[in-house]
Every structure is written in structure tokens, then in C-alpha cells.
Amino acid sequence: MTEAYITLLTNNSYASGALVLAYSLRASNTTKQIAVLVTGAVSHSIRDRLSAVFDAVIEIGEINSHSTKNLKLLGRPELGVTLTKIHVFNQTQYSKVVFLDADTLVLKNVDDLFDTANGSLEDEDRNKRFAAAPDAGWPDCFNSGVFVCKPSYQDYNGLFEMATQEGTFDGGDQGLLNSYFSEWSRGESSNRLPFLYNTTPTAVYSYAPAYQQYKDKLNIVHFIGSFKPWQWLRFADGTVFPRNTSSKDSITLVQQWWNIFDRYIGGKPSDFQEVSHGY
Ligand code: UDP
Ligand code: MN
């Protein structure tokens with residue numbers, strides 16, 4: 001069966017991120033499919049741009065208290081966005097998926113990720129069919145911006161049930177996924193991806209010598225936090241305008257994001273951030 005990279009757009013504002021990610025995957029010469037999950041809030045014109053580079057643009061219904069009869073969801077509107085990411089586990093047309101947040105950038109071919117998470121769906125230990133890299137803020141938790149999984153109704157329903165019954169301890173998908181795959185940190189090493197597959201430049205500087213030592217080995221960069229590469233200002237020559245809180249290294253990585261943007265997309269990110277009118 002087909003294997004695919006999947007990212008997610010819950011609105012138009014991350015569209016340039018998803019596009020840059022897709023072009024960075026193409027530039028890595030991947031042999032896998034590339035798909036994007038979009039909610040009804042993503043506009044027609046943006047779907048057209050996505051179709052030019054993604055193999056599949058897949059509409060997913062938003063799961064929230066208005067769209068489901070599940071009584072447990074009533075009065076829990078904050079679960080909406082969290083639940084949207086678990087749609088990845090419902091994409092059973094793919095045998096294995098590497099999920100990437102729309103704010104990630106692929107620097108090298110990472111198709112070897114599809115060799116991880118080999119546990120079967122019958123296996124009682126669900127942690128074996130999931131792989132992710134540690135979160136820099138709490139390394140016993142994984143960061144949910146990059147993960148490998150085998151889509152199945154079993155895990156999709158399991159995640160849905162857990163979300164509606166227990167909620168999520170951080171208010172987002174990362175808390176829920178860490179509760180569901182709770183044995184991740186004690187699991188087999190093949191399910192624990194190196195940090196180089198989900199390097200978060202905003203957090204990595206607490207160990208700056210390690211960054212100097214390993215920076216040439218980065219595979220995937222993840223621009224976590226509220227200020228994304230497409231929001232950076234630039235000089236007329238295209239170089240990014242350094243923010244006073246940013247290190248030299250993170251400026252270099254944001255510049256790499258922009259280089260992909262200029263090379264394959266062009267224009268301005270705001271061209272992709274038109275107001276959503278629904279669908
Ligand atoms: N997302 C989106 N629109 C939003 C917020 C989030 O499409 O307004 C999607 C997108 O794929 C994004 C992911 O949900 O990468 C997780 O959110 P974000 O990356 O902002 O979280 P962080 O990694 O900063 O914790
Ligand atoms: Mn992210």
C-alpha cells in the first residue's frame with residue numbers, strides 16, 4: 001500500500017508554510033506521496049495552489065461540538081483544533097504516514113523515516129506502531145510536529161475516545177498524543193527518533209555547543225512558537241531582518257525557509273493569507 005507524507009491546514013494562514021514544506025520534500029527527491037489535509041476554512045484558490053505540488057488535497061470535516069452528536073464534546077470547543085490532527089490516523093488509504101506540521105522544513109531526504117514504527121495493528125503495545133522525536137522542553141514527551149504512524153480506525157477511535165473523555169493536558173494535540181502513546185519514552189529505540197528529525201531552533205540554544213557540533217546533520221527543522229518564518233520581515237535584497245530575540249543560527253534557518261519560498265513559490269506569503277470565506 002501507499003506511503004505518504006501528510007501535513008495539515010486548518011485555515012489559510014499557514015498555507016505558505018505547507019507549500020514551502022511540500023517543495024522542500026520535492027527537492028529532497030522523495031519517492032513517497034505528499035498529501036495535505038484541509039478543513040472547510042481553506043479557500044478554493046489556496047487549494048488550487050496546493051494541488052500544484054501535493055499529490056492529494058484531502059478535505060476533512062472539523063470535529064467539534066457542532067459537527068458531532070458525541071455528547072462528551074458539548075461544551076468543549078477548545079478540543080476542536082486538537083481533534084483535527086487526529087484525522088491523520090483516519091487516512092487508512094495509506095499504510096504508513098510521516099506527519100509533518102506545516103511549520104516544518106525538510107533539509108535532506110528523510111524517506112528512511114518510513115522504516116520506523118513497524119509494530120503491527122494487532123500488537124497490544126500500540127507504542128510500537130508510532131515514532132517521534134523528543135520535545136526539547138520535556139524530553140520524556142515527544143514533540144507532535146513530526147511523527148510516524150500507521151493509520152487505523154482502532155487508533156483514530158482510541159484517540160477520539162481519549163480526547164472526549166479525558167481531554168488533553170496541554171490543550172493541544174501534543175498532550176493527547178503523549179497520553180495515548182504513553183510508553184513512548186520507554187519504548188524501543190527505533191520508535192524514538194533522533195532530535196535531528198525535529199530540531200526546534202527556538203529551543204535548541206539552551207545547549208548551543210551541541211548545535212554547533214550537529215548543525216550540518218539536521219534533517220528536519222520545526223519552527224515552533226507563535227512567530228513563524230512567513231511572518232519575518234525582509235530587506236529589499238531578500239535577506240531576513242533579524243529579530244532581536246533570535247540567534248544567528250535561527251536566522252540562517254529562517255533564511256533557508258525563504259530561499260525555498262522565493263525559488264518555488266514567489267510573491268508574498270500574504271498572497272496566501274486571504275480571509276477564509278468557508279467553502
Ligand atoms: N495549524 C494550522 N493553522 C493554524 C494553527 C495550526 O493549519 O492556525 C496546523 C499547522 O499544520 C501547524 C499545526 O497545526 O503546523 C500545529 O500548530 P503550530 O505549528 O502552530 O504549533 P507549534 O508547533 O508552534 O506548537
Ligand atoms: Mn509546529
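Read the numbers this way: they start at 1 and go in the same order the structure lists the ligands and their atoms. Sequence positions, counted from 1, serve as the residue numbers for this chain.
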* So with a 6.0 Å cut-off around CZ of F241, is the heavy-atom count from everything else above 12? -> no

* **Heavy atoms from other residues, nucleotides or ligands near OH of Y153 exceed 12 (cutoff 6.0 Å)** => no

* Numbered atoms and elements of ligand 1 in range of D103, under 4.0 angstrom, heavy atoms -> 15 (O), 19 (O), 23 (O), 24 (O)

* To do: List every atom of ligand 1 that sits less than 4.0 Å from any heavy atom of H222, numbering the atoms from 1 in the order shown and giving each element.
  => 23 (O)

Hey, does [X] come in under 3.5 Å of ligand 1, counting only N/O atoms on both sides?
X    : answer
L8   : yes
L9   : no
N11  : yes
F99  : no
D101 : yes

* Structure fact -> atom 1 (N) of ligand 1: of I6, V38, N143, T10, the nearest heavy atom sits on T10

* Would you say G225 touches ligand 1, if touching means a heavy atom closer than 4.0 Å? -> yes

* the Mn ion (ligand 2) is nearest to which N, O or S atom of D101? -> OD2

* Structure fact -> Output field for angle at the Mn ion (ligand 2), D103.OD2 vs H222.NE2, rounded to 10°, should show 90°

